[in-house]
Amino acid sequence: MKNQLKVLRAMRNWSQADLGEHLDVSRQAVNAIETGKYDPSLPLAFKISRLFDLPIEQIFDDEFEGGNDV
Amino acid sequence: MFNADEDAGSNGKRILWMSLCGFGIIMLLGAITGFLSAHMEEGSGPLNLAGYAILAAFICVTLALAFAIWRLFRQMKRSDQKVPQREKIYNRFLIGSFIFGGVTGLILALTGSFDETEAGLISNDAMSPMLAIILSVALGVIVPAITFYWHKNLVDEQEEAAYRFGALIAMYAFWFIAPVWWFLWRGGILPAIDGIALYFITIFVALIVWFWKKYL
């Protein structure tokens, strides 16, 4: 899943280690999320959302373009 | 900042190379021991020039591999100057386990804890009851306790996912390899199924997939 994590992190001048410290995950986890190799769990996504004070959908993009698919 | 990030991202490759170098050192030490044992068994006195040259070549390559590990470790340490607390404890735990495992293996090998017929730990040959009990307690009680602590306190969700995927692929590997081996044994093509060999294949598959998902 595409995301803005690297941009948001850079805006705060944080390293992956800094972000990992804030989220209580390893740098590998931050790296894997940033590069789209790993999609975080809902609890971690909410934690990221709270940390950057942004809604989840502004950080993560599931690339869904349709309207009513429910 | 971003250089450090690149370092963090490429630590997986460093760990892979360090593991391969470590494996190479173990193989070379085995080769050196085998070479010297064979020479001593022949009883042909001191080594000749060719013997010394072979031994020196083995030792040089071993030292080169050890140096490569040290260099890679230094590079990792440089990129590890600031790491999350959880990862710091994780790394210490990992290094401690490697050192403990290595030292234990070395002590077992040097003290000749195996019977003369034994090729080592990974064989089906007999071992002394005391060694069997020690290894059983280690693998049946101590390692599970450490593993439980490891998963409960040190592993984050990305690594947990890597473990899960590794376990899934390993389970499939077991499901398919065991019957294929069994059929081939019944067809007289392969020897009878070796449970421990299957165990190691399963563990190896899980380890490779875990490493790929966690670091690469």
Side-chain angles (χ1 to χ4, degrees), chain A, chain B residues 1-19 75-95 150-169 207-216:
Chain A
M1 193 181 282
K2 283 183 181 171
N3 61 74
Q4 301 296 314
L5 217 54
K6 193 168 183 171
V7 178
L8 294 168
R9 181 167 66 77
M11 282 161 68
R12 283 158 180 77
N13 206 25
W14 285 349
S15 67
Q16 288 180 339
D18 294 325
L19 183 54
E21 188 73 66
H22 280 95
L23 298 172
D24 192 27
V25 296
S26 64
R27 286 168 309 154
Q28 283 81 28
V30 173
N31 195 56
I33 295 169
E34 282 186 355
T35 50
K37 289 177 189 161
Y38 173 72
D39 293 333
S41 66
L42 261 183
L44 183 56
F46 273 109
K47 210 170 177 180
I48 294 169
S49 156
R50 276 194 298 273
L51 181 66
F52 291 111
D53 201 20
L54 285 170
I56 288 177
E57 59 269 28
Q58 276 190 34
I59 303 172
F60 295 96
D61 177 11
D62 68 350
E63 295 170 78
F64 174 68
E65 291 173 358
N68 288 328
D69 70 330
V70 183
Chain B
M1 177 186 71
F2 283 97
N3 285 342
D5 293 345
E6 280 162 20
D7 275 346
S10 58
N11 268 353
K13 283 172 194 143
R14 288 197 189 103
I15 293 170
L16 187 63
W17 278 113
M18 283 166 73
S19 307
Q75 287 173 9
M76 269 182 69
K77 284 295 283 180
R78 266 202 298 275
S79 73
D80 273 0
Q81 275 172 359
K82 191 174 183 191
V83 293
Q85 188 60 20
R86 179 199 282 262
E87 201 182 325
K88 218 176 271 180
I89 302 169
Y90 179 102
N91 289 343
R92 282 181 197 149
F93 216 80
L94 201 64
I95 291 166
W150 174 268
H151 279 271
K152 198 86 183 138
N153 299 292
L154 302 177
V155 168
D156 64 20
E157 65 168 63
Q158 183 249 354
E159 180 163 12
E160 211 175 287
Y163 271 122
R164 267 202 304 272
F165 193 60
L168 177 74
I169 300 299
L207 190 73
I208 294 292
V209 176
W210 161 80
F211 187 85
W212 163 51
K213 294 302 267 183
K214 177 170 167 66
Y215 289 105
L216 301 180

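Proteins come first, then strands; the chains are lettered A, B, ... in the order of their sequence lines, and each starts at number 1.
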Q) So with a 6.0 Å cut-off around CG of A:Asp62, is the heavy-atom count from everything else above 12? A) yes
Q: Flag the one option from A:Ala32, A:Pro43, A:Ala29 with the top tally of heavy-atom pairs under 4.5 Å to chain B.
A: A:Ala29
Q. Can you tell which of B:Glu157, B:Lys214, B:Glu159 makes a side chain to side chain contact (heavy atoms under 4.5 Å, CB included) with A:Ser26?
A. B:Lys214
Q: Heavy-atom distances under 4.5 Å only: say whether A:Pro40 touches chain B with side chain, backbone, both or neither.
A: both
Q) What's the spacing between B:Tyr215 OH and A:Lys37 NZ if we round to 0.5 Å? A) 13.5 Å
Q: Might you confirm whether atom CH2 of B:Trp212 has over 12 heavy atoms from other residues, nucleotides or ligands at distances under 6.0 Å?
A: no
